Each structure stands twice: as C-alpha cells, then as structure tokens.
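What follows is a single structure, written as structure tokens, with notes after it.
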Amino acid sequence: MENIFGGSEPFRSYSETYLSKGLLLIFVVDSADHSRLPEAKKYLHQLIAANPVLPLVVFANKQDLEAAYHITDIHEALALSEVGNDRKMFLFGTHVTKNGSEIPSTMQDAKDLIAQLAADVQ
C-alpha cells in the first residue's frame, strides 16, 4: 500500500495511521534549508520509532544548490546512524532538473530500489 502525506504540521497527525499500513517510509528533506533540519530529524525519528523494521529511503533534495549540505552532512544532521540495525536504510542525494525532462540516474536507481523493497515486503 502506498500512502503519501506531507510533513507540515497539519498533516502529521495522519502519519501513525498510514505508517502501520505502509510497505516503506520515504522521507524527503530539503538539503539547503539548514534551519529546519533539526525539526526534520525530530519528526523522522518519531516516524521510525512507530515501526522499527519499516524500510527507510531518505531523499536529500536540492543537492544542486550551492547552499545544500553535502550528503554526509545530511546523514549526520538526521542522525541516520541511529535508525537501528534491523532496518534497511538508504540515503540518496537528489535534485530536480532544470526542464524536468530527464530523470537523473540517481532517481532511476532510487525508483528501482523502492520497487524492489516494496516487492520484498509483499
């Protein structure tokens, strides 16, 4: 089952309902919004605490911006080393192309991984 919900405050109350029915958690963070990373970390860890084995895919978006944190900085800022040894966890650096017509190879790899993770769970 796929469920997509926003991370802003009004939508957070839905997360527990949908996480219990989900196959994996996809979490997108803005790599260039440094001030919101602590909030993103807190929310992510609340989500993963609800289901300790749900596979996690994190997209560190806007990697093309000069202000973006490097992927290793995102890993540290979100404390991804603390997600647990029993959970499959993947972190991808992403960005949207200028004209949106091409899919970067990273996104294709992520799409293939998500399809495989979902198939493994079912």
Side-chain angles (χ1 to χ4, degrees):
M1 170 180 237
E2 285 183 37
N3 294 303
I4 299 173
F5 52 92
S8 61
E9 196 64 41
F11 298 105
R12 290 185 185 173
S13 62
Y14 297 106
S15 62
E16 288 183 25
T17 302
Y18 290 116
L19 277 179
S20 65
K21 300 173 185 173
L23 301 176
L24 61 123
L25 173 61
I26 299 173
F27 192 82
V28 181
V29 64
D30 183 339
S31 300
D33 192 348
H34 304 177
S35 65
R36 291 194 63 202
L37 282 172
E39 178 185 356
K41 172 190 169 187
K42 181 180 176 183
Y43 184 50
L44 173 61
H45 284 265
Q46 287 173 350
L47 291 171
I48 62 176
N51 188 329
V53 295
L54 192 66
L56 171 64
V57 178
V58 177
F59 289 113
N61 199 24
K62 300 184 182 179
Q63 285 289 299
D64 56 324
L65 299 181
E66 193 172 317
Y69 276 163
H70 189 270
I71 198 82
T72 55
D73 297 324
I74 295 294
H75 188 279
E76 184 177 320
L78 295 177
L80 294 178
S81 59
E82 298 173 14
V83 301
N85 294 331
D86 295 333
R87 180 188 313 275
K88 293 179 182 176
M89 193 278 298
F90 305 89
L91 173 61
F92 290 93
T94 62
H95 68 275
V96 176
T97 58
K98 298 250 186 261
N99 62 10
S101 63
E102 63 181 76
I103 299 176
S105 62
T106 302
M107 291 306 294
Q108 185 60 50
D109 292 345
K111 178 183 170 189
D112 294 343
L113 172 69
I114 290 167
Q116 184 61 50
L117 287 171
D120 289 349
V121 174
Q122 290 182 347

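The structure displayed is predicted, hence computed values, not measured ones.
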So, taking the atom named [atom1] in [X] and the one named [atom2] in [Y], what distance separates them when rounded to the nearest 0.5 Å?
X	Y	atom1	atom2	result
Glu82	Met89	CD	CE	11.0 Å
Leu44	Leu25	CG	CG	6.5 Å
Ile71	Ser31	CD1	OG	6.0 Å
Ile114	Ile26	CD1	CD1	3.5 Å
Leu113	Lys88	CG	NZ	9.0 Å
Asn61	His95	CG	NE2	9.0 Å

For Phe92, ring pair (Phe, Tyr, Trp, His ring centres under 6.0 Å) partners two or more places apart: Phe59

All side-chain hydrogen bond (donor to acceptor under 3.5 Å, both in side chains) counterparts of [X], not counting sequence neighbours:
X	value
Gln116	Asp120
Asp112	Gln108
Asp33	Ser35

Minimal non-hydrogen separation, Leu78 against Leu37, with atom names: CD2-O, 4.2 Å

Which atom names give the shortest non-hydrogen contact between Ala49 and Pro52, and what distance separates them? O-CD, 4.3 Å

Please enumerate all residues that pass side chain to side chain contact (heavy atoms under 4.5 Å, CB included) together with Glu66, with sequence neighbours excluded. none

Any side-chain heavy-atom pair of Arg87 and Leu54 under 4.5 Å: yes

Can you list every salt bridge (Lys or Arg N to Asp or Glu O under 4.0 Å) pair that touches residues 53-62, not counting sequence neighbours? Asp30-Lys62

Which pairs with one or both residues in residues 66-87 pass ring pair (Phe, Tyr, Trp, His ring centres under 6.0 Å), sequence neighbours excluded? His34-Tyr69

Without swapping roles, check the side chain of Arg36 against the backbone of Val29 for a donor-acceptor pair under 3.5 Å. no

